[in-house]
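Notes follow once the structure below has been shown.
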Amino acid sequence: HAESQKNSKTKKPKYYSLIEFPYPSGAGMHVGHIRSNTAMDVISRKRRMEGFNVLYPIGWDAFGLPTENYAIKTGIHPTKVTKTNTDTFRRQLKALGFSFDWSREINTTDPKYYKWTQWIFLQFFKKGLAYKKKMAINWCPKDKIGLANEEVVDGCCERCGTAVEKRDKEQWMLAITKYAERLDKDLDTVDYLEKIKIQQRNWIGKSQGVNFKCKVKDLGIAVEMYNSVPQTFRAETFTVIAPEHHLVRKLVAGTKYEKSVLDFVEQLNKKRAQKDFDADKEMEGIFTGRYIENFAGSGRDLPIWIASYVVADYGTGIVNASTHDTRDFAFAKKFKIPLHPVMFPQDEVEAQKVRNDEYSYAKDPQAVLAEPLEFKGRHWGEAREDIINFIEKNGWGERKTNFKLRDWVFSRQRYWGEPIPLINCPTCGWVPVPEKDLPVKLPNVKNYQPTDTGESPLAAMTKWVNVKCPQCKGKAKRETDTMPNWAGSSWYYLRYADPKNSKAFASEENLKYFTPVDWYNGGMEHTTLHLLYSRFWHKFLYDLKLVPTSEPYMKRTSHGLILADDGTKFSKSKGNGIDPQDIVKVYGADSLRLYEMFMGPFDQAVSWSNDGMVGPRRFIEKVWRIGNKLNLPPSPLPYQGGGMPSPGKGRVGEGFEVNKLLHKTIKKVTEDIEAMRFNTAISSMMILATEMDKVESVSGVDFKMFLQILAPFAPHVSEELWSTLGEKKSIHLSTWPKFDENLIKDDEVKIAVQVNGKVRAEIMIGADEGEESVKEKALQNELILKHISGANIKKVIYVKNRLISIVL
RNA sequence: GGGCAAGUGGCGGAAUUGGUAUACGCGUUAGUCUUAGGAACUAAUGUCGCAAGACUUGGGGGUUCGAGUCCCCCCUUGCCCACCA
């Protein structure tokens, strides 16, 4: 295994490659888990051979619910469960020969580690970015835990599937929205797969629009209405407000609408909490009896409706509505609210349909505006900026940027997490635990079960809870909430740079040398949670001048899932996971690694197939056989079925051709690894091996170069053969081979000759043969003559070294 | 409903990004060697056809000398998101 060295010990440039550290579940790893590890191991090994000091670390993200639930069920302490599980995982990973630097292994549940998770949290607290807020949180009645918005799937708990309820609870929040702008903008500075950037951008949901300033008629209340498509602001005929909006009560107080509206809201809120509520289908609303007065100087008063599709916490929770929004349109149709289109398709027939309110017409950049009159005839797509300026000049509203991103609910009422290191003092309020008292260790409790009151099990530990206030020394109580499992993973890549440091989360020197992460591979499912959270923490630490860069990861790629052979997901409940160690026992670690990389495109989902394992295994045996031809001492390759592979029979071949193929393969493998096209890299090595197997003798130099490009994929067999060839140093410390430009050029090329688009012949030409000469060759070809005789040749097209196309 | 992928032999998948579709692997068939083979090697293997040849990348149109690749319409599947205009 590899030991990454600190700056002082090496002059090599560093390279930091990273995989998401695993959550050590009781089920152990299945073959799907190691796809990412194998890919990054290939890249890390190649980098070492290219002369980098590679940091490729590993650790355990071990806080979290599954372990806690297991502890509740069995009564075994989560620490013990974690120990057992990490031992299993470690054994499984070691069986595959990943070149992790095990000397840097970390564990988020180790007090020496979570001391710094707590420390970083306190920095958030001190900067006012951690705050307590009473809010309607998502409450899972089964897990008895508050969930972040991001953890609710279809109105259900992401973990257990129980329908989520709303509950008021004081929660610690982290103000990620303060960083929304930078999290969006700085995506321009990093090399992430485009689909990852897109997904993060959609999640952050930046939208630029206008906050209109309005008054409620007869009440004199000022309200703001956010609209992200202000171009169509002359089209609105009504206003929609979210049912849970705080203004609703004020609007109807003391009016004849009060009872019916409040009843409606209560019912609607219940309905919306259900998981199968479909806002588009079940569009509901009620008139409040109130109007927006003279909206944006239009002279029109807009009736205010409560609408089921508006949310209070996006924008201002109240929106000027018009025909040019599909949901507003559907709402108006349902409640027979008059419409007033202001933009039209260029096609007159279609335009008439819009005039007749036959359909909603929205978001077409080519649309022609009829109003506002100052913009008559201009297009929707280009008039936007001018119209916003126009609105601002007239004082109707202000330019405003909104984000979908919400602040992060950071409290959990659970046992198995980092205690939030704060003390609540009746006189001083929330006081941070002094740095010298960190970490606040998890106390031993008998019962891990969360309480029905929604308090953490820690709340029952009165000895632990009751403390002196660090400021006034009066009686005070500890916070009993713990952190979510995303906390420890938000900064773990920094700890790897200096995992044993007790003075800081990592030394400045080591951070400067090792960070940022150069290449980070992980699952798409973490794009909007872990990946975004850790970018947020990193930027915060950057602002405190504690890390040297503003982004944690320079490059982010993702792997496709490995599915069971029936195309479904591996899952604990089905118990269909395949243990990599079972495969290793039969086929060997190298075969498994090769197969994982060979089975399909790295970024796409592939189904596991036990039969497919055979191919890579045979390939390795073939490589072994070629090694035997080099007069090596016989050394049996163990095989489950017993027996020894045959030495193979040499045939007379042309060594020179093999040499050319070798250099072409070096080029292909070198390039394919960088692009994560591992499958085609392996296929080209298979072709090379077949050719080397056919020829009578292969030069040791050639064979060693082949072993070197194979080494990142199949580290064990290549190392073994390397040493039997007399090499004293590890193949993994050798220098990545360079291909010879002269050898990858062909003197002769076979090209296709097409007649009217159909391939009719193939001819050999010189690699740099002139166009005229090639055309002549083609036209004189017997097979071609058959097809062109008696016809008029209109055109002859020559694509260099590819084909000739004759058009009759 | 939105976003992102994807649809190619019996199966997993290649295709230098508009230039010989089906590389490589699995499976299958025949042969060689063998006491034996669940080893290895050789050959064949998209479909139809005796052949010449014709057809073929989810379906239908189009652009082009030339389309798996580009454009339009439609169908199907997966993942993520979904009251957020």
Side-chain angles (χ1 to χ4, degrees), chain A residues 153-154 194-196 198-199 202-203 205 207 209 226-230 232 242-243 272 277-283 307-315 319-322 324-328 362-363 402-406 524-525 527-528 560-561 563 565 567 594-595 598-601 603-616 618-619 621-622 625 639-649 651 668 671 677 679-680 682-687 690 693-694 750-762 794-797 799-808:
Chain A
V153 177
D154 287 335
E194 201 50 37
K195 63 177 175 179
I196 295 173
I198 288 167
Q199 208 168 306
N202 289 342
W203 189 262
S207 99
Y226 177 73
N227 196 306
S228 63
V229 190
T232 59
R272 297 210 310 183
F277 181 78
D278 185 333
D280 289 324
K281 281 181 192 134
E282 304 181 52
M283 189 159 276
S308 56
Y309 60 89
V310 187
V311 278
D313 65 353
Y314 182 76
V319 186
N320 45 326
S322 79
H324 297 304
D325 176 86
T326 49
R327 287 173 318 164
D328 292 346
K363 277 193 185 176
N402 264 318
F403 297 92
K404 288 187 197 172
L405 190 68
R406 300 278 81 99
M524 278 308 283
E525 71 275 17
T527 303
T528 54
L561 287 178
L563 306 167
D565 52 8
L594 277 165
Y595 179 57
F598 179 65
M599 60 194 295
D603 60 343
Q604 281 173 37
V606 220
S607 297
W608 180 263
S609 154
N610 271 328
D611 295 340
M613 278 300 314
V614 176
R618 286 182 188 152
F619 167 60
E621 284 170 11
K622 190 175 278 182
R625 225 164 36 228
Y639 186 66
Q640 183 71 0
M644 249 220 293
S646 89
K649 277 165 283 293
R651 279 192 324 153
K668 175 135 184 78
E671 290 167 358
R677 291 188 299 251
N679 51 338
T680 50
I682 292 168
S683 125
S684 69
M685 286 190 286
M686 285 172 166
I687 294 170
T690 303
D693 192 30
K694 277 179 189 169
K750 188 162 74 175
I751 66 164
V753 186
Q754 294 184 337
V755 179
N756 281 350
K758 291 213 158 103
V759 180
R760 297 297 182 184
E762 288 174 343
K794 251 165 90 181
K795 242 202 264 191
V796 181
I797 298 155
V799 182
K800 190 159 191 276
N801 290 356
R802 291 254 170 252
L803 56 67
I804 289 203
S805 185
I806 301 165
V807 187
L808 302 182

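Just so it is clear: chains get the letters A, B, ... in the order the sequence lines come, proteins before strands, and each one is counted from 1. Because the structure is a prediction, the values reported are computed rather than measured.
- In terms of heavy atoms, A:Val319 sits closest to A:Tyr226 at CG1-O, 3.8 Å.
- If you check distances only, the side chain of A:Arg802 does reach the base of B:U16 with a donor-acceptor pair under 3.5 Å.
- Across all their heavy atoms, A:Ile682 and A:Phe598 have their closest contact at CG2-CD1, 3.7 Å.
- The distance from atom CD of A:Gln604 to atom P of B:U8 is 11 Å, rounded to the nearest whole Å.
- Side-chain contact check for A:Asn756 versus A:Val807: some heavy-atom pair is nearer than 4.5 Å.
- Backbone-only contact: A:Ile687 has heavy atoms under 4.0 Å from sugar-phosphate atoms and none from a base.
- At a threshold of 4.0 angstrom between heavy atoms, the contacts of A:Glu194 with the nucleic acid are absent.
- Separating the C1' atom of B:U77 from that of B:A15 is a span of 23 Å, rounded to the nearest Å.
- For B:G59, the base adopts the anti conformation, since its glycosidic angle falls more than 90 degrees from zero.
- Here, B:A23 and B:G13 have their C1' atoms 10 Å apart, quoted to the whole Å.
- The minimum heavy-atom distance linking A:Pro601 with A:Asn679 is given by the pair N-ND2, 3.7 Å.
- The heavy-atom pair separating A:Asn801 from A:Ile751 by the smallest distance is C-CG2, 3.5 Å.
- Inter-residue side-chain proximity for A:Tyr595 and A:Trp608 is flagged as met; some heavy-atom pair is nearer than 4.5 Å.
- Nucleotides B:C11 and B:U22 place their C1' atoms 13 Å apart, quoted to the nearest Å.
- Nucleotide B:C41 has B:G31 as its partner under the Watson-Crick or G-U criteria, with both atom distances under 3.5 Å.
- Listed candidates were B:A82, B:C41, B:G19. Nearest to the side chain of A:Trp203 is B:A82.
- The interatomic distance linking A:Met599 (CE) with B:C26 (C1') rounds to 12 Å, in whole Å.
- Searching all strands for a Watson-Crick or G-U wobble partner of B:G1 with both distances below 3.5 Å returns B:C81.
- By the rule that a glycosidic angle within 90° of 0 means syn, B:U17 counts as syn.
- Across all strands, A:Met686 comes closer than 4.0 Å only to sugar-phosphate atoms, never to a base (heavy-atom distances).
- Nucleotides B:C74 and B:A30 are separated by 45 Å at their C1' atoms, to the nearest Å.
- Between B:G3, B:A21, B:C24, one nucleotide has an atom nearer to the side chain of A:Ser683 than all others, and that is B:C24.
- For the C1' atoms, the distance from B:G46 to B:U42 is 23 Å, rounded to whole Å.
- As rounded to the nearest Å, B:A21 and B:G9 have C1' atoms that lie 11 Å from one another.
- At a threshold of 4.0 angstrom between heavy atoms, the contacts of A:Lys622 are confined to the sugar-phosphate backbone, with no base atom among them.
- Proximity note for A:Phe598 (side chain, C-beta onward) versus B:U20, B:C24, B:A6: the nearest is B:C24.
- When the side-chain nitrogen and oxygen atoms of A:Arg618 are compared with OP1 and OP2 of B:G27, one or more of them lie within a distance under 4.0 Å.
- Within 4.0 Å of A:Gln199, counting heavy atoms only, lie sugar-phosphate atoms of the nucleic acid but no base atom.
- Comparing B:G25, B:G3, B:C41 against the side chain of A:Ile198 picks out B:G3 as the nearest.
- If you check B:U64 for Watson-Crick or wobble pairing at under 3.5 angstrom, you find it has no partner at all.
- In this structure, A:Asn202 atom CG and B:G1 atom P are separated by 18 Å, rounded to whole Å.
- Look at B:C24: its Watson-Crick or wobble partner, with both distances under 3.5 angstrom, is B:G12.
- A:Met613 has its CE atom 14 Å from the C1' atom of B:G12, to the nearest Å.
- With distances taken from any side-chain atom of A:Tyr309 to the nucleotides B:U42, B:C83, B:C24, the minimum falls on B:C83.
- Atom name C1', nucleotides B:G62 and B:U69: the rounded distance is 15 Å, in whole Å.
- Here B:C65 is the nucleotide among B:C65, B:G19, B:A54 with the atom lying nearest to any side-chain atom of A:Lys795.
- Between A:Tyr595 atom OH and B:C24 atom C1' there is a gap of 13 Å when expressed in whole angstrom units.
- Among the heavy atoms of the strands lying under 4.0 Å from A:Ser805 is at least one base atom, whether or not backbone atoms are also near.
- For A:Val759, counting side-chain heavy atoms from C-beta on, the closest listed nucleotide (B:U20, B:G19, B:G25) is B:U20.
- Between A:Ile196 atom CD1 and B:C80 atom C1' there is a gap of 12 Å when expressed in whole angstrom units.
- Taking the nucleotide of RNA chain B with the nearest heavy atom to each of A:Ile806 and A:Ser684, the more 5' of the two is matched to A:Ser684.
- Using a 4.0 Å heavy-atom cutoff across all strands shown, A:Asn679 reaches sugar-phosphate atoms only and no base atom.
- Taking atom P on both B:G2 and B:U56, the two are 34 Å apart, rounded to the nearest angstrom.
- When the nearest nucleotides of RNA chain B are assigned to A:Lys404 and A:Lys668 by heavy-atom distance, the more 5′-ward of the two goes with A:Lys668.
- A donor-acceptor distance shorter than 3.5 angstrom exists from the side chain of A:Thr690 to the backbone of A:Met686, with no hydrogens or angles considered.
- The NZ atom of A:Lys622 sits 5.5 Å away from atom CG of A:Asp693, with the distance rounded to the nearest 0.5 Å.
- Atom NZ of residue A:Lys195 and atom CG of residue A:Asp603 lie 5.0 Å apart, to the nearest 0.5 angstrom.
- Protein atom CG of A:Leu563 is 19 Å distant from nucleotide atom P of B:A5, rounded to whole Å.
- We find that CD of A:Glu525 is positioned 18 Å from P of B:A5, with the value rounded to whole Å.
- A:Asp611 comes within 4.0 angstrom of the backbone, heavy atoms only, and of no base.
- Taking only side-chain nitrogens and oxygens, A:Lys195 never comes nearer than 4.0 Å to OP1 or OP2 of B:A5.
- Contact annotation for A:Arg677: no contact, since no heavy-atom pair falls under 4.0 Å across all strands.
- A:Val606 comes within 4.0 angstrom of sugar-phosphate atoms only, judged by non-hydrogen atoms across all strands, and of no base.
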